[in-house]
K.L.:
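This is the structure I want to talk about, given as structure tokens.
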Amino acid sequence: ETGVTQSPTHLIKTRGQQVTLRCSSQSGHNTVSWYQQALGQGPQFIFQYYREEENGRGNFPPRFSGLQFPNYSSELNVNALELDDSALYLCASSPDLREQYFGPGTRLTVT
Amino acid sequence: GNSVTQMEGPVTLSEEAFLTINCTYTATGYPSLFWYVQYPGEGLQLLLKATKADDKGSNKGFEATYRKETTSFHLEKGSVQVSDSAVYFCALSFQGGSEKLVFGKGTKLTVNP
């Protein structure tokens, strides 16, 4: 059984640019959640997708957006990057009413 | 709102020492509770969970009991190993854990040989 995978592993962008991060959910999981983990902090919930629909959003501005595809993979898009967007971005998937399993994360650095 | 408060580290122990990491929560309703572990440079791994009061979650020698009366979910291990060195996160969620996770700030554990 393949676990949650994320790409790319690392990314360096310049302030003002746009970035797309990708996540493949674990087989059989129909829910994908995205979290931002700043250095030395706990992960913060960005949003969740369930069967291709947004199913909850945390306290992040609209320049953070996402998609979920029919195969339940997902993308996180961030526009107009700011220095404070530098963080580890974690994707997690889960089946109905069960716990979440995390991918290895994408380390984004904004310069 | 819902929140998790956990003991801030860092915590440094010698191998075979007893470990306790405290975690308390505030929630409307009855959440599921989790401990996740993050090894250096990696994502989060689910360590253990409990879905209702008085449940005990256990895995790899770690244990935690869901205490509704004290709103706590303290992590314990009787004898730590060097390989347990990591950051530990306490978290809560609803709907069995499929809803958004609310995390504590994490506790870094270092175990010395």
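Atom set for the values below is all heavy atoms of this structure, side chains included, hydrogens, waters and symmetry mates excluded.
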K.L.:
Given the rule that I, L, V, M, F, W and Y join up when any side-chain heavy atoms are under 4.5 Å apart, are A:Leu11 and A:Val78 in one cluster?
P.N.:
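Yes, A:Leu11 connects to A:Val78 through the hydrophobic network.
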K.L.:
Please report the interatomic distance CZ(B:Phe103) to CD(A:Gln41), rounded to the nearest 0.5 Å.
P.N.:
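Interatomic distance, B:Phe103 CZ to A:Gln41 CD, rounded to 0.5 Å: 13.0 Å.
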K.L.:
By a 4.5 Å heavy-atom criterion (distance strictly below it), what part of A:Gln44 contacts chain B: side chain, backbone, both, or neither?
P.N.:
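Neither part, no heavy atoms under 4.5 Å.
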K.L.:
Working note: B:Glu99 + A:Gln48, criterion side chain to side chain donor-acceptor pair (under 3.5 Å); need CA distance, chi angles, decisive distance, verdict.
P.N.:
CA-CA 8 Å; B:Glu99 287 196 2; A:Gln48 182 181 85; over 6 Å; no
K.L.:
Please evaluate residues B:Lys100 and A:Arg57 with respect to the criterion side-chain contact (heavy atoms from CB on, under 4.5 Å), reporting the C-alpha separation (whole Å), side-chain torsions for both, the decisive distance (0.1 Å), and the verdict.
P.N.:
CA-CA 9 Å; B:Lys100 70 172 186 177; A:Arg57 186 178 183 92; over 6 Å; no
K.L.:
Identify which part of A:Phe47 has an atom lying under 4.5 Å from any heavy atom of chain B, answering side chain, backbone, both or neither.
P.N.:
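A:Phe47 has no heavy atom closer than 4.5 Å to chain B.
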K.L.:
Verify the neighbour count for atom CG of A:Leu83: are there more than 12 heavy atoms of other residues, nucleotides or ligands below 6.0 Å?
P.N.:
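Enclosed.
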K.L.:
Taking it one step at a time, do A:Phe45 and B:Val102 satisfy side-chain contact (heavy atoms from CB on, under 4.5 Å)?
P.N.:
CA-CA 7 Å; A:Phe45 175 73; B:Val102 176; over 6 Å; no
K.L.:
A:Gln100 and B:Tyr36: which non-hydrogen atoms are nearest, and at how many Å?
P.N.:
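Scanning both residues, the minimum pair turns out to be O-OH, 2.8 Å.
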K.L.:
Answer yes or no: is there a side-chain heavy-atom contact under 4.5 Å between A:Pro43 and B:Leu44?
P.N.:
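They are in contact (side-chain heavy atoms under 4.5 Å apart), so the answer is yes.
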K.L.:
If you look only at pairs with a residue in residues 5-19 of chain B, which of them pass as a side chain to side chain donor-acceptor pair (under 3.5 Å), with sequence neighbours excluded?
P.N.:
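Every pair satisfying side chain to side chain donor-acceptor pair (under 3.5 Å) with a residue in residues 5-19 of chain B: B:Gln6-B:Thr107.
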K.L.:
Would you say that more than 12 heavy atoms from the other residues, nucleotides or ligands in this model lie under 6.0 Å from the CZ of A:Phe69, or not?
P.N.:
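Yes - once you tally the heavy atoms of other residues, nucleotides and ligands closer than 6.0 Å, there are more than 12.
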K.L.:
Could you tell me whether A:Glu53 atom CD has more than 12 heavy atoms of other residues or ligands within 6.0 Å of it?
P.N.:
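Not buried by this count: 12 neighbours or fewer within 6.0 Å.
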K.L.:
Taking everything shown except A:Asn71 itself, do over 12 heavy atoms lie less than 6.0 Å from its CG?
P.N.:
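Atom CG in A:Asn71 is crowded, with more than 12 foreign heavy atoms closer than 6.0 Å.
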K.L.:
Given heavy-atom pairs under 4.5 angstrom as the criterion, report whether the side chain, backbone, both or neither of B:Leu46 touches chain A.
P.N.:
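Looking at B:Leu46, just its side chain touches chain A.
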K.L.:
Can you establish whether the number of heavy atoms outside B:Lys105 located under 6.0 Å from its atom NZ is more than 12?
P.N.:
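Check fails, neighbour count at 12 or below.
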K.L.:
Just wondering, more than 12 heavy atoms not from A:Arg15 lying within 6.0 Å of its CZ?
P.N.:
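Counting neighbours around CZ of A:Arg15, 12 or fewer heavy atoms of other residues, nucleotides or ligands fall under 6.0 Å, so no.
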K.L.:
Distance from B:Gln45 atom CD to A:Tyr101 atom OH, nearest 0.5 Å?
P.N.:
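Result: 11.5 Å between the selected atoms.
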K.L.:
With a 4.5 angstrom heavy-atom cut-off, which part of A:Leu88 approaches chain B: side chain, backbone, both or neither?
P.N.:
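Only the side chain of A:Leu88 comes within 4.5 Å of chain B.
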K.L.:
How many angstroms lie between atom OG1 of B:Thr51 and atom CD of A:Glu99, to the nearest 0.5 angstrom?
P.N.:
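Between atom OG1 of B:Thr51 and atom CD of A:Glu99 there are 9.5 Å.
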